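Here the structure comes first, spelled out in structure tokens, and everything after it is commentary.
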There are 2 protein chains.
Amino acid sequence: MTWDDPIPPTIEWRDGAVRMIDQRLLPGRLAFVDARTVDELCAAIRTLAVRGAPALGVAGAMGMALAQVTGMDPVDAAARILATRPTAVNLAWGVTRGRDAADAVAEAEGLAADDVARNRRLGAFGAALVPEGGRVLTHCNAGALACAGYGTALGVIRAAAEAGRRPSVWVDETRPVLQGARLTAWELDRLGIPATLVADVMAGSLMAAGEVDCVVVGADRIAANGDVANKIGTYALAVLAHHHGIPFYVAAPVATVDPSCPTGADIPIERRSGEEVSSIAGHRIAPAGVAVENRAFDVTPAGLVTAIVTEDGVLRPTYSFGTGTTS
Amino acid sequence: MTWDDPIPPTIEWRDGAVRMIDQRLLPGRLAFVDARTVDELCAAIRTLAVRGAPALGVAGAMGMALAQVTGMDPVDAAARILATRPTAVNLAWGVTRGRDAADAVAEAEGLAADDVARNRRLGAFGAALVPEGGRVLTHCNAGALACAGYGTALGVIRAAAEAGRRPSVWVDETRPVLQGARLTAWELDRLGIPATLVADVMAGSLMAAGEVDCVVVGADRIAANGDVANKIGTYALAVLAHHHGIPFYVAAPVATVDPSCPTGADIPIERRSGEEVSSIAGHRIAPAGVAVENRAFDVTPAGLVTAIVTEDGVLRPTYSFGTGTTS
């Protein structure tokens, strides 16, 4: 596919390897990392060189393409890839798509192109929800870097900007891994969309002062009842938005819905190393030996979600995924 | 006064200087900084070598003692000290106490001893609010390091531990300056009270999972109607606690109440440098040139506060400060 975008492809098949923007190095440096084996790809996923639910879907398929090209046992390859991260359902979805394809490379490349097209459709639906001059608060990075390209939550903001609605963005820094400060701020700068970085703790204050018109976030997995797993801190934003009567939108492709999870309680929540909290860029910020609890995701009950924006349209409660009806 | 405590005095008069624990160096190193002039003290306040509302009250008085000892014009000294930080009312209170004293050194030392005694009384009242084995969430540092000693919010937790109630503590890291990770975790480790560090964004998840029994925080200024200014992020915790039916306690000496502020809207909120958010320990975590909004405090409406714990007892709504009645 041709690529006409200020942000290069997050992940693509190139010369027999999976080439990814190395997100560990942003915003300091835009560089790429190539995975030539399934194990190299798994390391890239585990260390967050590539992350974000839709991007992980493509990574899963490209991992199976690597298995096919390198002659690795597909059952072994699938198991290794699935063991990297538990919360995003897209990873398993991508692995299945790649595994079942006669030509896994073509399948994975098709998924990547399809992801961008879906995000553009999703963005167009979501743009209509952003008021003229709207001040949008977002959390983590649900942008081009979380997908093959364009973005989901940032896709909505981008589409609103392209439609002339002049949105501006409050960017939650998103501790502990700082995807907001490092990635979302970088994307919005490249796109020329006005953005202001804030510590996560400031969101409540901004809402109380009437400085937030809507919240738009992505999703890592959506249960059949509409409960949404997303980056830790999303749930608190949903409670705050509810308290202040501010619309809270989730932007995610339909593939994010997992009909096999009846409710959010069934979604596995990844626990990551305490080092992500107790150290920043190798600098220790807490006493040695302190106990740390580091859950990477939380679950927002469907009742706190104003609408879910998908490539097929805007879904409002009551959701009824998996039964063929939405209302 | 004699000092029998695992944590050295936060601030004291020593050999004609104001000696302070240098909180910029914690938790890596316990070291002290001496201020021999008002300007040196102002620099220590501005750069957060000393911080915390009750400690700033003592610092204000000790600053006036420095002015008296060095022969500096007291009006000039008071103006310089008051210009350092706008939100904590205790600073102005301490300056006034020091300025009006014939022997400002003795006055300041008396205030420091008095602060510790008040915090111990406050702690004893608050301890009764902590359930047996209670899991207490706290934000920022309202400990010995925020006071002359013992602490307000941490004083409550400490007193609960001394009373055999075996509390454990969720320590919010408290971005952007990380007073929780750096100072509160350090204090609790020295005191042998079980503590677990979390990113601020995890508080909502912990509450939803039933893992928080109460929230206890300090205050930088309390308006006459009971609205509470405290570290940014406090307001979001109060909203979350309210949403989950969890008691939300503010621990603060009576001097924190400012009867000249009718409501929280009248409390000045300090804006600090964006560098506090965009860099950590000299390491840049956001793109160069990104806009940052960095409000150091927020206001929690009285209606979200279950009770205010003071050295004179536990005050519950409706507050009516400044009119001589509490109910």
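Note that the structure is a prediction, hence the values are computed from the model and not measured. All chains are named by letter (A, B, ...) in the order of the sequence lines, taking the proteins before the strands, and each is independently numbered beginning at 1.
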Quiz prompt | Portion of A/I280 that has a non-hydrogen atom of chain B nearer than 4.5 angstrom | solution = side chain
Exercise. Tell me the residues of residues 268-277 of chain A whose non-hydrogen atoms fall below 4.5 Å from those of chain B, in number order.
Key: A/V277
Quiz prompt | Region of A/N294 in contact with chain B, defined by heavy-atom distances below 4.5 Å | solution = backbone
Self-check item: Passing option when A/V201 is tested against B/H139, B/E173, B/R295 for side-chain contact (heavy atoms from CB on, under 4.5 Å)
Solution: B/H139
Quiz prompt | Stepwise side chain to side chain contact (heavy atoms under 4.5 Å, CB included) check, B/L240 with A/V239 | solution = CA-CA 7 Å; B/L240 285 165; A/V239 171; 3.8 Å; yes
Quiz item: Under a 4.5 Å heavy-atom cut-off, does chain B meet the side chain of A/V198, its backbone, both or neither?
Solution: both
Quiz item: What is the minimum heavy-atom distance between A/S205 and B/F297, and which atoms define it?
Solution: OG-O, 4.4 Å
Quiz item: Mind checking what makes side-chain contact (heavy atoms from CB on, under 4.5 Å) contact with A/A291, not counting sequence neighbours?
Solution: B/T196
Exercise. Starting from the C-alpha separation in whole Å, work towards a yes-or-no answer on side chain to side chain contact (heavy atoms under 4.5 Å, CB included) for B/V290 and A/D189.
Key: CA-CA 8 Å; B/V290 69; A/D189 180 52; over 6 Å; no
Quiz item: Can you say whether B/P27 sits under 4.5 Å from chain A via the side chain, the backbone, both, or neither, judging by heavy atoms?
Solution: side chain
Quiz prompt | Heavy-atom pair count under 4.5 Å with chain B, highest-scoring of A/G233, A/G204, A/A208, A/P287 | solution = A/P287
Quiz item: What is the distance from atom CZ of B/R175 to atom OG1 of A/T174, rounded to the nearest 0.5 Å?
Solution: 11.0 Å
Exercise. Kindly determine whether A/H283 and B/H283 satisfy side chain to side chain contact (heavy atoms under 4.5 Å, CB included), including the steps that lead there.
Key: CA-CA 9 Å; A/H283 180 85; B/H283 181 84; over 6 Å; no
Exercise. State the CG-CG distance between B/D298 and A/L206, to the nearest 0.5 angstrom.
Key: 10.0 Å
Quiz item: Given that the side chain runs from C-beta out, which part of B/L178 has a heavy atom under 4.5 Å from chain A: side chain, backbone, both or neither?
Solution: side chain
Quiz prompt | Within 6.0 Å of NE2 in A/H242, more than 12 heavy atoms from elsewhere | solution = no
Quiz item: Listed by residue number, which members of residues 181-188 of chain A have a heavy atom under 4.5 Å from any heavy atom of chain B?
Solution: A/A181, A/R182, A/A185, A/W186
Quiz prompt | Inter-chain contacts: residues 211-219 of chain A against chain B, heavy atoms under 4.5 Å | solution = A/E211
